[in-house]
Novice: 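Right, I'll just put the structure down here and ask away after.
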Amino acid sequence: MSTADSTQQSISILVKQLEALGLESHRNTLLKHGAQEPLFGVKIEEMKKLMKPYKNDLAFACALFDTGIYDAQYMAGLLSDGSKMSAAQLQHWVETANSQGIREYSVAWVTAESLHAISLALAWIDSDNPDIAAAGWCTLSSYISVTDDADLDLKLLQKLLKRVQAGIHQAPNRVCYCMNGFVIALGCYVPALSEAAIQAGKKIGEVVVDVGDTSCKVPFSPDYIAKVAQRGSLGKKRKTTKC
């Protein structure tokens with residue numbers, strides 16, 4: 001059996017395992033948060049129990065992502081080592097993601113780990129497709145949270161902060177939400193720009209986003225940053241944004 005055939009056989013087995021673990025209640029919750037069919041409704045903790053044989057197998061993760069199944073794509077994001085992914089692979093992922101949850105989380109996670117994080121994020125935020133633009137802002141937020149300040153281009157980040165301040169209220173719904181997340185990430189993870197993020201957040205004011213039939217809230221960025229500062233976590237980087 002060829003390697004490709006073996007991979008596809010393993011994918012078929014895993015997809016059946018995921019399908020068996022699906023819960024209708026969780027499936028309905030994911031649908032309310034924008035997930036699209038095909039969708040099983042597998043909880044993340046159940047996915048993680050299946051991951052060990054495939055961890056950091058990029059070819060397997062990419063084949064899993066190509067199933068188009070929401071749960072499989074989410075798991076592919078958890079499995080992948082983004083530092084080993086090419087720009088073409090990441091572009092393919094953002095273009096073929098099942099829905100906003102995959103683009104804004106799974107795709108953003110692995111892109112933030114890659115050598116192409118900034119170049120792709122900047123290209124994506126300029127996209128005419130709001131789904132891809134939203135993914136670009138989430139990629140920037142993830143990148144900020146895992147990258148040492150010494151390796152960040154603070155002038156670029158300041159420029160992007162001004163762009164958010166000027167355009168957030170005119171941005172499409174999910175782009176608006178992810179821009180707000182960028183302000184929060186900048187304020188929480190980059191101490192040198194925390195005050196600038198707070199002041200920008202105050203000038204932006206309340207951010208209104210249609211969150212559909214969910215209980216999600218849109219944080220007021222200055223308050224969120226202040227709470228992080230109060231618990232002494234300002235500037236504390238994450239090892240990974242995957243969860």
Side-chain angles (χ1 to χ4, degrees), residues 33 42-62 64-65 70-87 89-91 93-94 97 100-122 124-125 134-154 156-157 160-161 177-194 197 216 219 221 224-243:
H33 284 81
V42 183
K43 290 192 173 182
I44 298 168
E45 58 265 32
E46 296 300 325
M47 287 184 195
K48 290 182 176 180
K49 294 176 184 178
L50 302 175
M51 285 175 49
K52 189 174 180 180
Y54 316 108
K55 190 71 174 177
N56 292 328
D57 184 338
L58 183 56
F60 181 87
C62 287
L64 186 62
F65 195 92
Y70 178 94
D71 318 74
Q73 289 193 337
Y74 194 100
M75 187 172 174
L78 294 174
L79 286 170
S80 296
D81 180 350
S83 68
K84 297 178 181 178
M85 294 184 72
S86 68
Q89 286 172 320
L90 293 164
Q91 186 66 35
W93 276 34
V94 81
Q100 68 190 39
I102 301 300
R103 283 185 296 270
E104 296 171 15
Y105 294 92
S106 303
V107 176
W109 295 337
V110 295
T111 306
E113 295 176 342
S114 79
L115 297 174
H116 316 287
I118 291 297
S119 60
L120 284 176
L122 293 179
W124 292 349
I125 64 174
W137 288 106
C138 288
T139 299
L140 289 168
S141 296
S142 290
Y143 179 76
I144 289 166
S145 73
V146 297
T147 304
D148 289 342
D149 287 358
D151 296 323
L152 295 174
D153 184 339
L154 297 186
L156 171 63
L157 295 176
L160 291 169
L161 180 61
Y177 185 85
C178 298
M179 280 181 158
N180 190 61
F182 170 77
V183 176
I184 290 171
L186 196 60
C188 293
Y189 294 108
V190 188
L193 296 179
S194 288
C216 295
S221 56
Y224 193 104
I225 297 165
K227 288 178 182 178
V228 172
Q230 286 169 7
R231 65 172 183 257
S233 298
L234 205 67
K236 186 177 180 180
K237 300 290 184 175
R238 301 178 66 176
K239 291 182 179 180
T240 179
T241 54
K242 295 178 180 179
C243 60

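The structure presented is a predicted model; accordingly, all values stated were derived computationally and were not measured. The residues of the chain are indexed from 1 along the displayed sequence.
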Novice: Is the backbone of L78 close enough, under 3.5 Å, to the side chain of K48 for a donor and an acceptor to pair up by distance?
Specialist: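 Judged by distance alone, no pair lies under 3.5 Å.
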Novice: Quick one: are F65 and V107 in side-chain contact, heavy atoms under 4.5 Å?
Specialist: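 Side-chain contact under 4.5 Å: yes.
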Novice: If you measure from OH on Y189 to CG on L157, what distance do you get to the nearest 0.5 Å?
Specialist: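 Going from OH on Y189 over to CG on L157, the span is 14.5 Å.
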Novice: Determine the minimum heavy-atom distance between A117 and T139, stating which atoms define it.
Specialist: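 That closest heavy-atom pairing would be O-CG2, 4.1 Å.
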Novice: Quick one: are I118 and D153 in side-chain contact, heavy atoms under 4.5 Å?
Specialist: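 Contact flag for I118/D153 side chains = no.
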Novice: State plainly whether the residues E46 and K49 are in salt-bridge range, i.e. N to O under 4.0 Å.
Specialist: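 Answer for the salt bridge query: yes.
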Novice: Could you tell me the separation between the OG1 atom of T147 and the CG atom of L140, rounded to the nearest 0.5 Å?
Specialist: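 Those atoms lie 10.5 Å apart.
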Novice: Side-chain contact test, heavy atoms from C-beta onward, threshold under 4.5 Å: evaluate it for V42 versus Y74 and give yes or no.
Specialist: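 No, too far: nothing below the 4.5 Å cut-off.
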Novice: Are there over 12 heavy-atom neighbours, none belonging to F60, within less than 6.0 Å of that residue's CZ?
Specialist: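 Check passes, neighbour count above 12.
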Novice: For E104 and W137, run side chain to side chain donor-acceptor pair (under 3.5 Å): C-alpha distance rounded to whole Å, both residues' side-chain angles, the deciding distance at 0.1 Å, then the answer.
Specialist: CA-CA 8 Å; E104 296 171 15; W137 288 106; over 6 Å; no
Novice: How far apart are the closest heavy atoms of I102 and Q73, and which atoms are they?
Specialist: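 The answer is CG2-OE1, 3.6 Å.
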Novice: Could you walk me through whether W93 and C62 satisfy the side chain to side chain contact (heavy atoms under 4.5 Å, CB included) test, starting with their C-alpha distance in whole Å, then the side-chain angles of each, then the deciding distance to 0.1 Å, before giving a yes or no?
Specialist: CA-CA 9 Å; W93 276 34; C62 287; 4.0 Å; yes
Novice: Is the shortest side-chain heavy-atom distance between L64 and Y54 below 4.5 Å?
Specialist: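 Side-chain contact under 4.5 Å: no.
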Novice: To check you understand the geometry: which heavy-atom pair defines the closest contact between D151 and Y143, and what is its length?
Specialist: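 Closest approach of D151 to Y143, heavy atoms only: O-OH, 3.9 Å.
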Novice: Looking at T241, is its backbone amide N or carbonyl O close enough to the side chain of W109 to form a donor-acceptor pair, meaning the two atoms are under 3.5 Å apart?
Specialist: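 Judged by distance alone, yes, a pair lies under 3.5 Å.
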Novice: Please indicate whether K237 has more than 12 foreign heavy atoms, meaning atoms of other residues, nucleotides or ligands, lying under 6.0 Å from its NZ.
Specialist: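 Buried by this count: over 12 neighbours within 6.0 Å.
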Novice: Taking S86 for the side chain and Q89 for the main chain, is one N or O donor matched with an acceptor at less than 3.5 Å?
Specialist: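 Answer holds: yes.
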Novice: Is it the case that atom NZ in K43 sees more than 12 heavy atoms from other parts of the structure closer than 6.0 Å?
Specialist: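 At most 12 heavy atoms, drawn from other residues, nucleotides or ligands, come within 6.0 Å of this atom.
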Novice: Taking all atoms of both residues into account, what is the closest heavy-atom pair of S142 and A108, and its distance?
Specialist: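 Here S142 and A108 meet closest at CB-O, 4.1 Å.
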Novice: Quick one: closest heavy-atom pair of V183 and I225, and the distance?
Specialist: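 Where V183 meets I225 most closely, the heavy atoms are O-CD1, 3.9 Å.
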Novice: Tell me, do V94 and L120 make a side-chain contact under 4.5 Å, heavy atoms counted?
Specialist: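 A side-chain contact is absent here, since even the closest heavy-atom pair is not under 4.5 Å.
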Novice: Any non-hydrogen side-chain atom of M47 less than 4.5 Å from a side-chain atom of D71?
Specialist: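 Answer yes - side chains close enough.
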Novice: Any side-chain to backbone donor/acceptor pair from D81 onto L58? Under 3.5 Å, distance only.
Specialist: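 It does not hold such a pair.
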Novice: Where is the tightest heavy-atom contact between D149 and P191, given as atom of each residue plus distance?
Specialist: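 Heavy atoms of D149 and P191 come nearest at OD2-CD, 3.3 Å.
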Novice: Does atom NZ of K55 have more than 12 heavy-atom neighbours from other groups under 6.0 Å away?
Specialist: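 Above 12, so yes.
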